[in-house]
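Since the structure comes first, as structure tokens, the remarks are kept for the end.
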Amino acid sequence: MKLGILISGRGSNMVSIIEAVRDGRLPGCEVSVVISDKPEAPGLEKARRLGVEAVAVPRRGRTRPDHDAEIVEELAARGVEFVCLAGYMRLLSAGFVDAFRTRIINIHPSLLPNFPGLDAQRQALEAGVSESGCTVHYVDELLDHGPVILQKKVPILPGDTEESLSERILEVEHKAYIEALQQLSAEYR
Ligand code: GRF
């Protein structure tokens, strides 16, 4: 299963996927390319250092469908079969979703449908809930929306800050993304 990973920033989930492929924890998977809409994303250099091709496809004032069409072209040119969003900060257009329907997944730092959108960890703290976590889900045209593949819970502890909670959720995210891909790659083909 040829994976394309889309990022916009740090790329720690991306690194975790590349390492899992390298360690043999994702048999049958390879990471064919990492694409960022932000040329300055630190994740691009991290991917290259891990030996994975990494390219920036900036929006440059184009419409979302035009920008997405270029990303789809870049993915298709490398034979990508499955798209992993990992901190990719843009909604996908209908054209993108149709090109890879049921073959695009995302990770979000909350137990969806709770707290979609930005600052999910802060939203959870402000809501006063006792647990949050992360969700790996199929992607559609809506924000942080689509059938759930798996969720992992994380307790919210007394004294938690946005930072401490984000860190604890991120650790679990790295495991959740790999587990989801193990499940999906076993079902693939
Ligand atoms: C993660 O918390 C992910 O759930 C959210 O954006 C963050 C990306 O972090 N969608 P990283 O770039 O993978 O380190």
Side-chain angles (χ1 to χ4, degrees), residues 3-23 25-26 29 31 33-50 52 54-58 68 71 82-92 96-97 100 104-127 129 131-156 160-181 183-184:
L3 307 177
I5 307 179
L6 264 55
I7 62 168
S8 295
R10 168 179 71 178
S12 71
N13 279 288
M14 170 211 73
V15 167
S16 143
I17 295 168
I18 294 173
E19 285 176 344
V21 169
R22 285 173 32 147
D23 299 351
R25 281 176 286 137
L26 286 172
C29 292
V31 180
V33 68
V34 170
I35 296 180
S36 172
D37 61 317
K38 301 259 183 282
E40 69 280 11
L44 285 173
E45 201 38 50
K46 293 182 193 168
R48 290 183 192 122
R49 267 189 260 126
L50 289 164
V52 174
V55 295
V57 181
D68 280 1
I71 295 176
F82 206 93
V83 180
C84 301
L85 307 187
Y88 185 65
M89 302 302 283
R90 284 189 184 283
L91 274 180
L92 302 191
F96 194 151
V97 174
F100 285 94
I104 314 175
I105 63 174
N106 179 45
I107 188 153
H108 182 75
S110 76
L111 300 173
L112 291 172
N114 294 332
F115 317 126
L118 289 177
D119 302 323
Q121 301 91 336
R122 182 170 357 137
Q123 292 185 54
L125 287 172
E126 284 174 1
V129 291
E131 62 179 15
S132 189
C134 69
T135 303
V136 182
H137 65 97
Y138 287 105
V139 169
D140 60 23
E141 294 87 343
L142 304 177
L143 179 65
D144 299 323
H145 187 267
V148 169
I149 298 159
L150 68 83
Q151 295 188 305
K152 281 189 184 288
K153 291 180 179 168
V154 168
I156 296 186
D160 252 342
T161 60
E162 193 178 345
E163 199 185 26
S164 64
L165 178 61
S166 301
E167 239 172 68
R168 198 163 341 102
I169 293 177
L170 192 64
E171 243 175 72
V172 174
E173 285 186 45
H174 295 161
K175 299 195 181 92
Y177 221 143
I178 306 310
E179 277 182 39
L181 282 168
Q183 195 177 305
L184 296 171

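Every number for a ligand or one of its atoms is a count from 1 in the order of the listing.
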Without placing hydrogens or testing angles, list every side-chain donor-acceptor pair under 3.5 Å for residues 112-122, not counting sequence neighbours.
residue, atom, partner, partner atom, Å
Asp119, OD2, Arg122, NH2, 3.3
Arg122, NE, Glu162, OE1, 3.1

Could you list, one pair per line, each nitrogen or oxygen of ligand 1 together with any protein nitrogen or oxygen closer than 3.5 Å, giving atom names and the distance rounded to 0.1 Å?
residue, atom, partner, partner atom, Å
ligand 1, 2 (O), Glu173, OE1, 3.3
ligand 1, 2 (O), Glu173, OE2, 2.9
ligand 1, 4 (O), Ile107, O, 3.4
ligand 1, 4 (O), Glu173, OE1, 2.7
ligand 1, 4 (O), Glu173, OE2, 3.3
ligand 1, 9 (O), Arg10, NH2, 3.0
ligand 1, 10 (N), Ile107, O, 3.0
ligand 1, 12 (O), Gly11, N, 2.8
ligand 1, 13 (O), Ser12, N, 3.3
ligand 1, 13 (O), Asn13, N, 2.9
ligand 1, 13 (O), Asn13, ND2, 2.9
ligand 1, 14 (O), Arg10, NE, 2.5
ligand 1, 14 (O), Arg10, NH2, 3.1
ligand 1, 14 (O), Ser12, N, 2.8
ligand 1, 14 (O), Ser12, OG, 2.5

Sequence neighbours left out, what passes side-chain hydrogen bond (donor to acceptor under 3.5 Å, both in side chains) with Glu45? Give chain and number order.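 side-chain hydrogen bond (donor to acceptor under 3.5 Å, both in side chains) list for Glu45, sorted by chain: Arg48.
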Just how far is it from atom CD1 of Ile7 to atom OH of Tyr88, taken to the nearest 0.5 Å?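 Between atom CD1 of Ile7 and atom OH of Tyr88 there are 10.5 Å.
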Using side chain to side chain contact (heavy atoms under 4.5 Å, CB included) as the criterion, list what pairs up with Glu40, not counting sequence neighbours.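 With sequence neighbours excluded, Glu40 shows a side chain to side chain contact (heavy atoms under 4.5 Å, CB included) to Lys38, given in chain and number order.
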Under the side-chain hydrogen bond (donor to acceptor under 3.5 Å, both in side chains) test against Lys152, which residue among Glu171, Glu179, Glu173 passes?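 Looking at Glu171, Glu179, Glu173, the match for Lys152 under the side-chain hydrogen bond (donor to acceptor under 3.5 Å, both in side chains) is Glu179.
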Should we count NE2 of His145 as having more than 12 external heavy atoms under 6.0 Å?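 No - once you tally the heavy atoms of other residues, nucleotides and ligands closer than 6.0 Å, there are 12 at most.
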